[in-house]
Amino acid sequence: MELRPGPYKPYIAAPSRYDGKMPYLRCGVSGLRLSALSLGFWWNFGYDETFASCHERVTCAFDNGITVFDLANNYGPPFGAAEEMMGRIIAKSMHTHRHEMIITSKAGHDMWEGPYGDGSSRKMLMTSIDESLSRMGIDYVDIFYSHRYDGFTPIEETMQALADIVKAGKALYVGLSKYPADKLAEALAYLSEARVPCIVYQDKSNLLIDNLTEERRATLEAFGVGYTAFSPLQQGVLTDKYLNGIPDNSRAAQGKHLHRSDITDELVAKLRRLNDIAADRNQTLAQMAVAWLLDNPMTASVIIGPRTIEQLKSLLPAVDNTTFSESEKSAIKAILNS
């Protein structure tokens, strides 16, 4: 099989309805451009949030040029709640803008009870796409991801299901997330031969943890696949929140996907040094962390998950300066490796 080279040069163009600040980056070698920032729905758009708060964040993001809305069937809480919330928001005020939005969903993790509610089987994916579309009240998603390789479903079964979902008009593009490097190469090869190529791969990347390994990077480049990064702030660690202790209302204090033991003295010392570099760039630590990912020419979008409208607005300026000098890169890498 012939591999296609991937010329990862960002293509930037801002529609006139925006103020021109949000870049739109080419997703791999596809014709699709993604907003440099995506709004992630992972665990901040469930039943424990008010409709007013969720609606405000989504519409504010859209009005500021964010066109990519990243969801999955099991985002909540509880599972499915985030997609239901998105459906309510679309019905209330965004249905006339559907053609301006990139709505994604995923399936592959635990979703419902019983033997078929988890994993990457054809039955799981086919059922999930129909349920996701129903929850959101839309006819198709723009990108449908296999959320993970489950360790036992044959790659060809999962990939053929994705290809058939596209051919049925229920998704426009295929994406993959969190695949081991060898299975990623196998999956991309299958989809390429099926003439429904994967256009985007999604994984965790930030200053502290980067799953875009050299092996994955080389595979994505060979197949012309773009990259979207999630957890750019490492659950809020890469902000100014923990520079002077652990606030009572923080995730670390409450044990929500982060623990007090994670905030070590060594980590705080690194965060403070990184914060000094960010200040010299006229950025907050959080803005610099997002900009760091956008400096990678393979990145098509960085997924942010603000819990409040204030957090959302504070991250928008990250796109204003995404270039790092060689001295800045060296200083940041020295801190991270210390």
Side-chain angles (χ1 to χ4, degrees), residues 10-27 30 32-45 49 51-72 75 82-83 85-90 92-106 136 138 141-143 145 172-173 175 199-200 202 205-206 226-233 239 283-284 286-296 299-322:
Y11 180 85
I12 301 175
S16 58
R17 71 180 296 274
Y18 302 129
D19 62 9
K21 291 184 178 180
M22 180 61 63
Y24 295 84
L25 309 179
R26 186 180 183 188
C27 190
S30 77
L32 188 66
R33 289 171 290 150
L34 304 182
S35 53
L37 300 181
S38 298
L39 185 64
F41 279 62
W42 176 44
W43 221 237
N44 294 324
F45 288 83
E49 300 285 339
F51 175 77
S53 171
C54 295
H55 183 268
E56 182 181 29
R57 276 176 283 156
V58 170
T59 54
C60 177
F62 186 69
D63 288 342
N64 282 278
I66 294 177
T67 56
V68 182
F69 301 92
D70 184 82
L71 297 101
Y75 287 179
E83 289 184 332
M85 183 68 75
M86 186 59 170
R88 293 177 61 192
I89 293 169
I90 291 171
K92 178 177 176 62
S93 62
M94 301 192 72
H95 57 281
T96 58
H97 297 290
R98 176 66 184 94
H99 61 292
E100 300 177 77
M101 304 165 66
I102 301 295
I103 299 175
T104 80
S105 191
K106 316 177 192 73
M136 291 188 281
I138 56 179
V141 293
D142 295 274
I143 302 172
Y145 287 88
L172 302 185
Y173 300 95
I199 69 161
V200 62
Q202 183 180 121
S205 284
N206 55 58
Y227 183 67
T228 58
F230 66 81
S231 293
L233 305 183
T239 68
Q283 291 180 317
T284 65
Q287 290 168 355
M288 186 179 77
V290 171
W292 177 261
L293 297 174
L294 289 172
D295 186 53
N296 179 357
T299 301
S301 192
V302 173
I303 302 168
I304 59 173
R307 299 167 63 188
T308 66
I309 191 69
E310 291 76 22
Q311 290 177 351
L312 170 60
K313 291 180 177 178
S314 72
L315 290 173
L316 293 173
V319 302
D320 294 341
N321 181 12
T322 60

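Heavy-atom basis, side chains included; hydrogens, waters and symmetry copies ignored.
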Q. Passes side-chain contact (heavy atoms from CB on, under 4.5 Å), I303 versus Q202? Steps please.
A. CA-CA 10 Å; I303 302 168; Q202 183 180 121; 3.4 Å; yes
Q.
Run the side chain to side chain contact (heavy atoms under 4.5 Å, CB included) test against Y173 and tell me which residues pass, sequence neighbours left out.
A. L32, I143, I199
**Q.** Under the side chain to side chain contact (heavy atoms under 4.5 Å, CB included) test, residues paired with A229 that sit two or more places apart
**A.** S205, Y227, L293
Q | side-chain contact (heavy atoms from CB on, under 4.5 Å) between Y75 and D70, intermediate numbers included | A | CA-CA 10 Å; Y75 287 179; D70 184 82; 3.9 Å; yes
Q) Residues in ring pair (Phe, Tyr, Trp, His ring centres under 6.0 Å) with H95, at least two apart? A) none
Q: List for me each residue that meets ring pair (Phe, Tyr, Trp, His ring centres under 6.0 Å) alongside F41, sequence neighbours excluded, and say none if there are none.
A: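 Scan of F41 (ring pair (Phe, Tyr, Trp, His ring centres under 6.0 Å), adjacent residues dropped) gives F45.
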What I'd like to find out is whether the side chain of [X] reaches to under 4.5 Å of the side chain of [Y], using heavy atoms alone.
{"X": "F51", "Y": "I89", "answer": "yes"}
{"X": "E100", "Y": "T67", "answer": "no"}
{"X": "V290", "Y": "L233", "answer": "yes"}
{"X": "R98", "Y": "D142", "answer": "yes"}
{"X": "K21", "Y": "N64", "answer": "no"}

If the condition is side chain to side chain donor-acceptor pair (under 3.5 Å), which residues does [X] pass it with, not counting sequence neighbours?
{"X": "S231", "value": "none"}
{"X": "T59", "value": "none"}
{"X": "E49", "value": "R57"}
{"X": "R88", "value": "none"}

Q: Apply side-chain contact (heavy atoms from CB on, under 4.5 Å) to the pair I90 and I103, showing each step before the final yes or no.
A: CA-CA 11 Å; I90 291 171; I103 299 175; 3.7 Å; yes
Once rounded to the nearest 0.5 Å, what's the spacing between atom [atom1] of [X] and atom [atom2] of [Y]?
{"X": "I304", "Y": "S38", "atom1": "CD1", "atom2": "OG", "result": "8.5 Å"}
{"X": "I102", "Y": "L39", "atom1": "CD1", "atom2": "CG", "result": "14.0 Å"}
{"X": "M22", "Y": "D63", "atom1": "CE", "atom2": "CG", "result": "11.5 Å"}
{"X": "L294", "Y": "S301", "atom1": "CG", "atom2": "OG", "result": "7.5 Å"}
{"X": "L172", "Y": "T104", "atom1": "CG", "atom2": "OG1", "result": "12.0 Å"}
{"X": "D295", "Y": "N321", "atom1": "CG", "atom2": "CG", "result": "9.5 Å"}

Which atom names give the shortest non-hydrogen contact between [X] and [Y], and what distance separates them?
{"X": "M86", "Y": "M101", "value": "CE-CE, 3.5 Å"}
{"X": "V58", "Y": "M94", "value": "CG1-SD, 3.5 Å"}
{"X": "S35", "Y": "G65", "value": "CB-O, 3.5 Å"}

Side-chain donor-acceptor contacts of residues 311-319 below 3.5 Å, not counting sequence neighbours, with atom names and distances?
unit_1	atom_1	unit_2	atom_2	d
Q311	OE1	R307	N	2.7
S314	OG	Q311	O	2.7

**Q.** Sole candidate of T299, V68, V302, I66 that passes side chain to side chain contact (heavy atoms under 4.5 Å, CB included) when paired with L34
**A.** V68
Q: Would you please name every residue forming a salt bridge (Lys or Arg N to Asp or Glu O under 4.0 Å) with D320, sequence neighbours left out?
A: none
